[in-house]
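Scroll down for the structure; my scribbles are underneath it.
Labels below follow one simple rule: chain letters A, B, ... track the order of the sequence lines, proteins then strands, and each chain is numbered from 1.
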2 protein chains.
Amino acid sequence: MRTGTGAGMPQRGAVGAEERIRAAAVRLWSERGFHGVGIRELAEEAGLSSATLYHYMGTKEDLLADVMSRGLRRLVLAAERVTQQRAGAGPRMNALVQLHVLTHALRPRETRVVDGELRALSGDRRGGVMSLRDEYERYWRATIDEGRASGAFRVEAPGMARLALLEMCTGVARWYDPGGPMALSEVALGHAQLASRVLGAEELELVDEVDWCRGLVGEIWSGPGGG
Amino acid sequence: MRTGTGAGMPQRGAVGAEERIRAAAVRLWSERGFHGVGIRELAEEAGLSSATLYHYMGTKEDLLADVMSRGLRRLVLAAERVTQQRAGAGPRMNALVQLHVLTHALRPRETRVVDGELRALSGDRRGGVMSLRDEYERYWRATIDEGRASGAFRVEAPGMARLALLEMCTGVARWYDPGGPMALSEVALGHAQLASRVLGAEELELVDEVDWCRGLVGEIWSGPGGG
DNA sequence: GCGGTCCGATCGATCGATCGATAGAGTCAC
DNA sequence: GTGACTCTATCGATCGATCGATCGGACCGC
């Protein structure tokens, strides 16, 4: 009853099974949530039996922690690149925002799981994922602080502005529709402009980082542990 | 074995059982999600047996739709009041933002369920809740349009700005901590200022609507179907 | 024949939902 | 007033289905 085993193939899923499982989990969890999808449906989506699933993963929660950590590590990696390759608070913030928006628009399923399923994690795993999230947000915090110190940003409550901006940009994954009326670059540049307004940096020249960020997202998300 | 039936009481839960059930559902669902809490735990939290639960409600999903619709109807009611009692796009938007932020900060559990469990609803129920959400957002859309038409707001993509602002303000329910360093009125006024920046209305005088909105929220959320 | 892959069968637990039964308060005929 | 009857509120027990997870063994390339 299986479909692809025959004819000299190296064995159906020997390579990439873990990846297929993670991809299936992201597809289903992003639509209905961690507790809304059972092991059997997960297995079916990945093209395996539920027993085989457990050959590759630990518990269901282990799989979620894995998916979330991988997603967050990629975000951190991308933010690190931005920080290395863009100097000055203004250009750096501009690139961070466009990167965040593009990531959430291009990979809405991954980011929805990363942003929304923390509550399904218990104890230590929760803490580990939260510290990864904090590590990512540190790039935003540092850039905002830098801009305030240099006078490039004029904002009274930087902590609140950071949270507000992150919520605003993360929300893109909840409403952006590739088939809709708004082009991706409009959304990314538009949010960069809104961010500059929020931070009181309207004189900032808004460089279009869409293509560069798109390349970065593509590179990082097809890289090690890719997909 | 029951506890409160004697001594002239009108019977333990005869009044308010539905309300107790909804409150229990909000408490548990806001922490672990609709699919993360079973009927038995729900019943225990409400102080009833799972069988008795079904005397008051339809299915579990009916209860969710009820909770969500009630929350959204309150939001709509509050937005309608704001629109009636504040004239001009600037003051109106200022009040709408402060109302939204206060509602999400004062009733984070209700709003988290309303904002985050739509995916657990199927078919018609989903549509009904979505149209209530659209009805609420229409107040924001109309106010932004009005401000653009009058020249009070200078924003290029009003649709995107509306979505960005809503995400930003809704996010308050995800991070605001009453015991934290930020006072509620700082958060509300701060978001009003960020909104005025986003909308390009920096010359707008930011009236403090915190007390008025707090009263409105208290009135509406303790009113019919209260809690 | 060994190690890596894979699955059918099955585990105990829990899921959402329903059953029949009971306790008590109100109603009404007589 | 009192017995028969109804209505609401409540529960213990239980339904069939599904949950997450495990086990033993089959298959297959090396």
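When the nucleotides dC7(C), dC11(D), dC19(D) are ranked by their closest atom to the side chain of Arg40(A), dC19(D) comes out on top.
With a 6.0 Å radius and a threshold of 12 heavy atoms from other residues, nucleotides or ligands, Glu44(A) has its CD atom at or below the threshold.
Because its NZ or CZ atom is both nearer than 6.0 Å to the ring centre of Trp212(B) and within 45° of the ring axis, Arg86(B) counts as a cation-pi partner of that residue.
Regarding Leu28(B), its CG atom lies at a distance of 16 Å from the C1' atom of dC15(C), rounded to whole Å. Between the P atom of dT18(D) and the CD atom of Glu41(A) lies a distance of 11 Å, rounded to the nearest Å. Computed from coordinates, the Leu53(A) CG to dG8(C) C1' distance equals 15 Å when rounded to whole Å. Rounded to whole Å, the distance from CD1 on Ile39(B) to C1' on dG16(C) is 6 Å. Nucleotide dC15(C) holds its P atom 11 Å from the CG atom of Leu42(B), rounded to whole Å. Between Lys60(B) atom NZ and dC15(C) atom C1' the separation is 8 Å, expressed in whole Å. As a whole-Å value, the separation of Phe34(A) CZ from dC19(D) P is 13 Å. Rounded to an integer number of Å, the gap from Glu44(B) CD to dT14(C) P is 13 Å.
Neither OP1 nor OP2 of dT10(D) sits under 4.0 Å from any side-chain N or O of Thr52(B). Taking 4.0 angstrom as the limit, Tyr56(A) places a side-chain polar atom (N or O) nearer than this to OP1 or OP2 of dC6(C). Taking side-chain N and O atoms only, Tyr54(A) has a distance below 4.0 Å to OP1 or OP2 of dA21(D).
Ion pairing between a basic and an acidic side chain is recognised when a charged N comes within 4.0 Å of a carboxylate O; Arg81(A) and Glu219(A) show such pairing.
Looking at Glu167(B) and Thr170(A), their side chains never bring a donor and an acceptor atom within 3.5 Å of each other.
Note on Ser50(B): a base of the nucleic acid sits closer than 4.0 angstrom, heavy atoms only.
Position along DNA chain C of the nearest nucleotide to His55(A) versus Ala51(B) favours His55(A) as the more 5'-ward residue.
Ring-plane geometry between His100(A) and Trp140(A) is classed as perpendicular, the angle between the planes exceeding 60 degrees on a 0 to 90 degree scale with a lower cut at 30.
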